[in-house]
Each structure stands twice: as structure tokens, then as C-alpha cells.
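One structure is given here, and the rest of the page talks about it.
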Amino acid sequence: MAHSPVSAAHRLLSLDIVLALLALAGGLRVLYLAAPAPALPAEAATVAHAYALGHLTSFADAGGAGVSPFGWLQLAAATMVSDAFGRSTTALAAVRETVLVAALAGAALLWVLARRLGLTRWAAAVAVLLLAASPLALGVQRLVVVEHLAAVWVLGALVLITRRRARIRHDTAAAVCLLAAVLTSPLALFFLPAAGWLLVRRAPVRAALVAVVLNLGLGIAFGPAASALRPHLAAATSPTLGDWAALDPAWVAASAVALVAGLGVRAVRPVALTGLLLAAVLAVPGVPPTAVLALLLPVTPLLLAGAAQALTRRRRRTRRHTPPFARRTGPEGRGNTGAQPTRPGAGAPQPRGTGGRAVAALRRPCPARPTLTGTAPRPSPAQHPGARSPADVPQVPPARHEGTRGQGPADAPPQPTYHGRKPRRRRSVPVLAAAVLAAALAVSWVAGYSALQPTINRGGPLAAARDWVRANASGSLLLVDDAAWAELAYAGWPTGMLAPPAACDVTCPDAEWAVFGAGEPALRRHYPALDGALVGAGPTAVFGDGDARVTVWRLGLPPAAPTAPPEVPARAHAGAALAASAWVTLTPEAAAVLREGRADPRLITTLAALAADRPVRIAAFPEVPGEDAAGQPRRRVLLTGDDDGTTAFYTGQHDLFRPAAVTRAAGGVLVTYPLFAPPGLLVPFSSP
């Protein structure tokens with residue numbers, strides 16, 4: 001019972017370390033959850049499938065995103081249990097919450113696995129720290145990739161396999177975890193050699209049991225139930241392996257060394273085999289690197305920590321079992337007086353075991369024996385009947401003094417320990433290597449964190465496009481890509497009014513609007529019917545830029561008449577005349593909008609009519625987000641002064657000049673017109 005408090009203290013220390021590491025990992029992942037890049041195109045289809053399963057609707061992606069029905073089901077179940085879709089800003093953020101929880105579960109399981117493989121508490125902490133803080137891990141583990149779920153299943157299986165007093169139920173659970181991992185991602189098959197190796201180490205009979213259960217499950221999943229359960233990998237798309245390695249090059253180099261060094265460490269050798277197999281898969285064309293990295297991320301920190309611990313222990317063992325003077329000056333030792341042992345083997349270390357204990361007992365002095373009259377010395381062995389002669393008593397080498405290692409005469413004084421420079425230099429080699437690695441990781445992480453570019457905007461361009469479509473195209477049939485399908489369905493748009501690209505396999509439905517991201521050119525090439533539907537369409541709103549760009553298209557617009565005058569010069573001419581009117585007061589920004597022809601013709605016409613009756617003060621022509629980038633004219637105006645008269649004037653308009661909304665805003669009246677003014681509204685007029 002004396003060791004119980006120490007054991008409880010060790011458990012509390014381990015719990016404190018794990019909680020601190022999980023707090024670090026969770027905090028960093030929440031901070032970088034909405035990082036815009038690197039972006040994965042197939043992520044949107046996974047989110048859409050998870051939403052569709054959770055809301056019992058159908059969805060057909062555009063292809064290339066992979067197939068994982070069991071993975072989609074796990075994501076859908078997690079979002080339903082946590083009510084992520086009811087709390088999150090976007091559908092993508094809702095599903096990314098589940099991925100974040102999976103990353104934390106993987107970090108905790110990595111700690112347990114490291115401890116069960118024989119790593120010390122601090123080596124396990126280093127492994128989890130590398131996984132928690134690496135920019136590469138942050139970038140990969142924020143994406144909705146089903147391989148993150150497969151990694152949790154695999155780690156859970158290895159934790160059960162390495163249990164010391166495992167029972168049949170533990171091995172059966174391990175087999176179920178391995179089966180779930182393979183059904184989530186076929187890349188999890190590369191962990192089966194490591195699991196089998198660890199099982200054979202512990203109990204070969206149990207390995208046969210796990211193999212039977214696993215093969216039975218795989219036979220059913222890939223046989224009769226293949227249409228519903230069989231997973232397929234996604235197509236290889238950006239980001240590439242080089243894009244990921246640029247986030248943390250020092251960590252990548254250290255991981256490559258750890259994959260090779262792990263083969264020399266018995267404790268982590270099975271895991272090293274799996275790591276090498278996964279690393280080899282990265283070189284296979286057509287395999288998505290993001291999926292492979294998601295499974296490889298928990299492996300390499302474990303190997304690096306295991307190799308470092310094995311190297312440290314080997315150096316300590318060598319130092320402990322090597323005589324100090326033999327390490328410095330050879331077998332005779334420094335400070336030897338030249339006296340030679342008087343008996344063979346006098347300077348050799350005694351063997352351990354019962355013989356060694358007997359010799360040690362003979363060397364100890366016999367304690368005195370109490371008698372009735374006092375204390376009498378113990379009789380010597382020669383005084384007992386049958387005692388052996390002194391010649392039969394084994395000779396014991398003299399007591400070894402510190403620094404002599406049993407050499408020299410028994411009465412030689414202890415020699416001082418000589419601390420040379422060479423052992424210190426040898427000891428400084430691993431310390432220097434660790435310092436260099438830490439410095440390289442620090443430099444690499446500083447660059448990687450800045451490359452991820454954390455943002456507080458949880459919505460992004462797609463959320464802005466979703467809000468614009470809800471405000472301007474409510475109730476319309478939309479052609480959308482996978483990402484827009486998930487966001488609009490999440491926003492409450494009827495899924496029957498959302499046509500994904502797969503609906504254009506033969507012919508596209510008669511839609512009024514289209515919402516596509518940066519992958520729109522590739523979709524148009526893949527679906528010729530979609531390309532035909534977008535011919536002649538005009539971009540109405542554009543959000544974001546680069547790979548994050550989202551464009552809203554208006555379909556079915558009538559082509560402009562060949563004889564019609566250009567619209568922009570007419571707006572610029574009329575706007576300049578309005579700005580020059582003495583009855584119009586406006587800010588420099590508003591004057592620039594008028595003179596450049598960026599104001600809606602209905603606004604120019606009604607403002608000219610209002611200025612003919614009373615003075616007009618124009619504060620601004622507020623932009624509708626996304627429309628300036630698409631070349632649409634400003635269709636809102638903020639007027640100050642005489643709010644009642646302005647409100648009455650615009651609410652009394654009819655037909656084409658009736659605004660969509662007239663509202664009281666801060667500082668005046670905000671007038672908003674609907675989209676698409678008819679051509680030919682502007683006529684020459686003279687300022688009053």
C-alpha cells in the first residue's frame with residue numbers, strides 16, 4: 001500500500017499533461033478552423049452528403065470527391081447529436097466541428113498508445129505536442145476528410161490491441177474498430193500489418209480471432225453490401241504534397257527520418273512499417289495526398305518520440321555499464337598503482353544470481369550472537385562439525401573502491417574520479433541535435449502559422465453569395481455546385497429547387513439562376529449540357545477572388561439589341577448632368593459614382609424628377625455586396641433631409657420606377673431598386 005499515493009500522483013500528472021496538450025490542440029484548431037487556404041475542392045461534396053443524410057434527402061455530387069457512405073453517416077450522426085447545423089454559421093463550419101472533435105480524440109488516443117508501447121510520460125507528451133502544434137497538422141485536420149475518422153478508429157484499435165490484460169471482448173472490439181476504419185477509408189488497410197504484428201507479440205491465438213472477425217466483416221462489406229458500404233478514394237486534386245510540405249518543412253524532414261529510424265526501435269517497429277507503407281503510397285499517381293497525410297499525421301510523431309527515447313536510453317545504458325577509467329585511458333585505468341590481482345578473476349565483475357549472493361554473504365561480517373552472560377562472537381566455519389578448510393572457502397576479491405573498479409590491492413585508497421572532456425563532448429551531441437531540431441521547428445512553425453492566415457470571418461464568399469441569393473432570387477430554381485448546394489440547403493432553400501451539376505448529365509433543368517465557385521470551368525467541360533445552359537448568362541454578383549471566388553449568374557437574359565446605344569455612356573452622361581445641378585448636393589464619393597456611369601438609370605431619373613421640385617441631398621450610393629465586381633450599377637441611394645417628403649415621393653412611384661424598398665436608415669432614407677433596369681429609360685434633360 002505504500003506505493004498507492006505515488007501511483008495516484010503519477011496518474012494525476014499524466015492527466016494534467018494530457019489535458020494541457022488537448023487544450024493547446026483544441027485552441028489552435030479553433031483559431032485556424034476558418035483559414036481560407038489550403039482549400040480542398042472535394043470537401044464541399046462531403047459536407048453536402050453529411051447534410052443530406054442527416055436531413056433524409058438525396059444528393060448526387062459532381063464526381064471526384066470519393067465515396068464513403070459509412071464516413072458520411074458518422075459525420076451526419078455527429079452533427080445531429082451536437083446540433084451543429086443549428087448553431088454554426090455555415091454548413092461547412094458545422095461539419096468541421098466534428099472533424100475538430102475527431103482530432104482531439106486522436107491526440108488523446110495517441111498518448112495512450114505511446115504509453116502502452118513503452119514510451120515514457122515525457123516522450124508521449126512530445127509526440128502529442130508535435131501533432132497538436134504542427135502547422136501541417138493544423139492545415140490538414142481542419143478539412144472535412146473522412147480519413148480523420150478512420151485515423152481515430154485505427155488508433156482505438158491499436159490501443160485495445162496493446163492492452164496488457166486484454167480479454168476476448170477487447171480483441172473483438174479491436175477487430176470492429178479496424179473494420180470501421182477500413183469502411184471509412186480504404187487507406188486504413190495499411191494499418192492491418194501493424195495491428196497483426198502487435199497481436200502476434202501478445203497472443204498469437206487472439207490474432208487469429210481478430211483476423212476471423214475482420215475478414216468476416218470485410219467479406220460482407222465488400223461483397224453483398226458493397227453497393228451500400230464499399231468506400232472509394234477521392235481523385236487527386238490540389239493541394240498537392242508540396243503545398244502541404246511548405247507549411248512545415250522541418251516537421252516533414254524529421255518525420256522522414258523517424259520513419260526509417262523507427263524500424264530500429266522494437267517498441268514502435270510495427271507502427272514504423274505502416275508509416276513506410278503510407279509514405280510509399282504518396283508516390284502513387286492518382287492517390288489524394290491529403291487523405292494519406294490525414295492517416296500519416298499521428299504516426300510520425302510517435303515514431304520520432306520513440307526513436308529519441310531509445311537513443312537516450314542506449315547512451316545511458318552504455319555509460320552505466322562501462323568502467324569510467326576504461327572509457328578514458330584503457331583497461332589498466334587511470335591512477336592504477338601497477339599492482340596486479342593476486343588471484344585470477346579478482347578484478348572481474350562477479351556474476352549475478354544465487355552464486356553472487358552467496359559470495360556477497362561470505363564477504364559480510366558475521367554479527368555477534370547474544371548469550372546469557374553477554375555477547376559472544378559467532379564461531380567461524382572451521383569450528384562447526386563438517387566445516388571446510390580455508391582452502392575450500394571461495395576467495396572473494398577485495399572491496400572495490402570508487403574509481404578503481406576492483407583493480408589494485410584491497411587496501412588501496414580510493415582514487416578520485418576523473419572527469420574528462422571527451423564524455424562531456426559525447427553527451428552534448430544529442431543535446432545539440434535536439435536544440436537544432438527545436439530551432440528548425442520554431443522557424444518552420446512561424447512561417448507555417450502565417451501561411452495559414454487565420455480569420456474571424458466564419459462565413460466567407462460562399463455565405464455572402466448565399467445571403468445575396470436569398471435576398472434577390474428567393475423561390476427560384478437554381479443550378480448550383482456541391483458547395484452551394486450544402487450552404488443553400490442549410491439556409492432553408494428547398495432541396496427540390498436546387499439542381500446539382502449531376503442533374504445536367506443529359507440536359508439541364510430550366511433554372512433561372514446559377515451559383516458556382518472557381519471550379520465552374522471544369523464542370524462546364526465535364527457536363528456539356530451545363531455549358532449550354534450558361535452560354536449567354538451574365539454574372540450578377542461576384543464574391544471573393546481566386547480559388548475562393550463564387551459567381552451568381554442570371555440565366556435566360558434576353559440578348560441586347562444590336563442597335564441599342566451603350567448603357568454605360570448614357571448613364572455617365574445623365575449622371576454628370578445631375579451632379580452639375582444646383583439643386584443637388586452630394587458627397588465626392590456620390591459624385592464620382594454619377595459621373596462614372598455606375599448609378600442605376602432608375603435612380604438617375606427619379607433623382608432628377610425630385611430635384612426639379614425640391615433640393616436633394618445625396619449622402620451615398622451604397623454598394624450591394626458582390627454587384628460591383630460583376631459590373632452591376634449601384635441601385636441604392638441614401639438621401640438626407642426632408643425624410644417625410646422623400647419617403648412619400650418614392651412610395652408614390654409606379655410601375656418601373658417603384659422601388660423594392662424604402663426604409664428609414666441612420667441619417668436619412670435608403671431607397672433600393674430591384675435588379676435589372678430595362679434599357680432605354682434615360683432621356684436627355686436639362687438641369688433646373
Side-chain angles (χ1 to χ4, degrees), residues 36 38-79 84-85 88 90-99 102 140 142-150 183-187 228-239 286-291 294 460-463 465-466 478-491 493 495 498-505 514-527 530 547-550:
L40 185 65
E43 186 181 16
T46 305
V47 173
H49 280 292
Y51 181 89
L53 282 175
H55 292 78
L56 301 179
T57 186
S58 60
F59 172 73
D61 59 69
V67 177
S68 179
F70 187 61
W72 300 335
L73 184 62
Q74 295 174 65
L75 293 173
T79 53
F85 284 114
S88 301
T90 63
L92 178 62
V95 184
R96 280 187 175 182
E97 286 186 9
T98 303
V99 178
V140 175
R142 84 184 199 284
L143 299 178
V144 181
V145 180
V146 294
E147 279 72 16
H148 296 315
L149 306 178
L183 291 181
T184 304
S185 173
L187 290 173
L229 291 176
R230 185 173 181 177
H232 298 280
L233 289 177
T237 57
S238 59
V287 176
T290 305
L462 188 57
R466 175 199 66 194
L478 306 181
L479 282 176
V480 293
D481 59 7
D482 296 343
W485 190 98
E487 293 301 332
L488 288 168
Y490 167 72
W493 205 282
T495 56
L498 297 174
C504 296
D505 193 14
V515 184
F516 287 97
E520 172 255 331
L523 291 174
R524 295 178 69 166
R525 290 191 299 268
H526 189 267
Y527 296 100
L530 177 62
D547 293 337
R549 187 187 75 255
V550 179

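Along the sequence shown, residues carry numbers from 1.
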Would you say that T237 contacts P288 through its side chain, given a criterion of any heavy-atom pair below 4.5 Å between the two side chains?
no
Here the gap from Y527 atom OH to D505 atom CG, rounded to the nearest 0.5 Å, amounts to 6.5 Å
Donor-acceptor check, side chain of E97 to backbone of A84, threshold 3.5 angstrom: yes or no?
no
Rounded to the nearest 0.5 Å, how far does OG1 of T79 lie from CZ of F85?
4.5 Å
Find the distance between CD (Q74) and OG1 (T98) and round it off to the nearest 0.5 Å.
10.5 Å
With a 4.5 Å cut-off on side-chain heavy atoms, are L479 and V515 touching?
no
Please indicate whether H526 has more than 12 foreign heavy atoms, meaning atoms of other residues, nucleotides or ligands, lying under 6.0 Å from its NE2.
no
Hey, are the side chains of R466 and W493 touching, using non-hydrogen atoms and a 4.5 Å cut-off?
no
Would you name the heavy atoms of D482 and F59 that are closest together and state the gap between them?
OD1-CZ, 3.4 Å
Tell me, which pairs form a salt bridge (charged side-chain N to carboxylate O under 4.0 Å, His left out) where one or both residues lie in residues 49-78, sequence neighbours left out?
none
Examine distances only and state if a side-chain atom of Y51 and a backbone atom of A76 form a donor-acceptor pair shorter than 3.5 Å.
no
For the residue pair P38 and R142, establish whether any side-chain heavy-atom pair is separated by less than 4.5 Å.
yes
Heavy-atom nearest pair, V145 first then A291, reads CG1-CA, 4.3 Å
Between V480 and F516, is a side-chain contact (heavy atoms from CB on, under 4.5 Å) present by the stated rule, with each step listed?
CA-CA 6 Å; V480 293; F516 287 97; over 6 Å; no
Starting at CG of L498, measure out to CD of E487 and round the result to the nearest 0.5 Å.
11.5 Å
For the OG atom of S238 and the CG atom of D547, what is their distance to the nearest 0.5 Å?
6.5 Å
Where is the tightest heavy-atom contact between V146 and W72, given as atom of each residue plus distance?
CG1-CD1, 4.4 Å
Determine whether L149 and S185 make a side-chain contact, defined as any pair of heavy atoms from C-beta on separated by less than 4.5 Å.
no
CG on L530 to CG on D481, rounded to 0.5 Å
10.0 Å
Counting distance only, does the side-chain N/O of H49 pair as donor-acceptor with the main-chain N or O of L73 below 3.5 Å?
no
When you compare the side chain of P231 with that of V67, does any pair of heavy atoms fall below 4.5 Å?
no
Between T90 and L462, is there a side-chain heavy-atom distance shorter than 4.5 Å?
no
When every non-hydrogen atom of T184 is compared with those of A150, the smallest separation belongs to CG2-N, 3.9 Å
Any side-chain heavy atom of L143 within less than 4.5 Å of one from V99?
no
Where do A294 and E147 come nearest, in terms of heavy atoms and distance?
CB-CB, 3.7 Å
Do you know which two heavy atoms are closest between V47 and V95, and how far apart they sit?
CG1-CG2, 3.9 Å
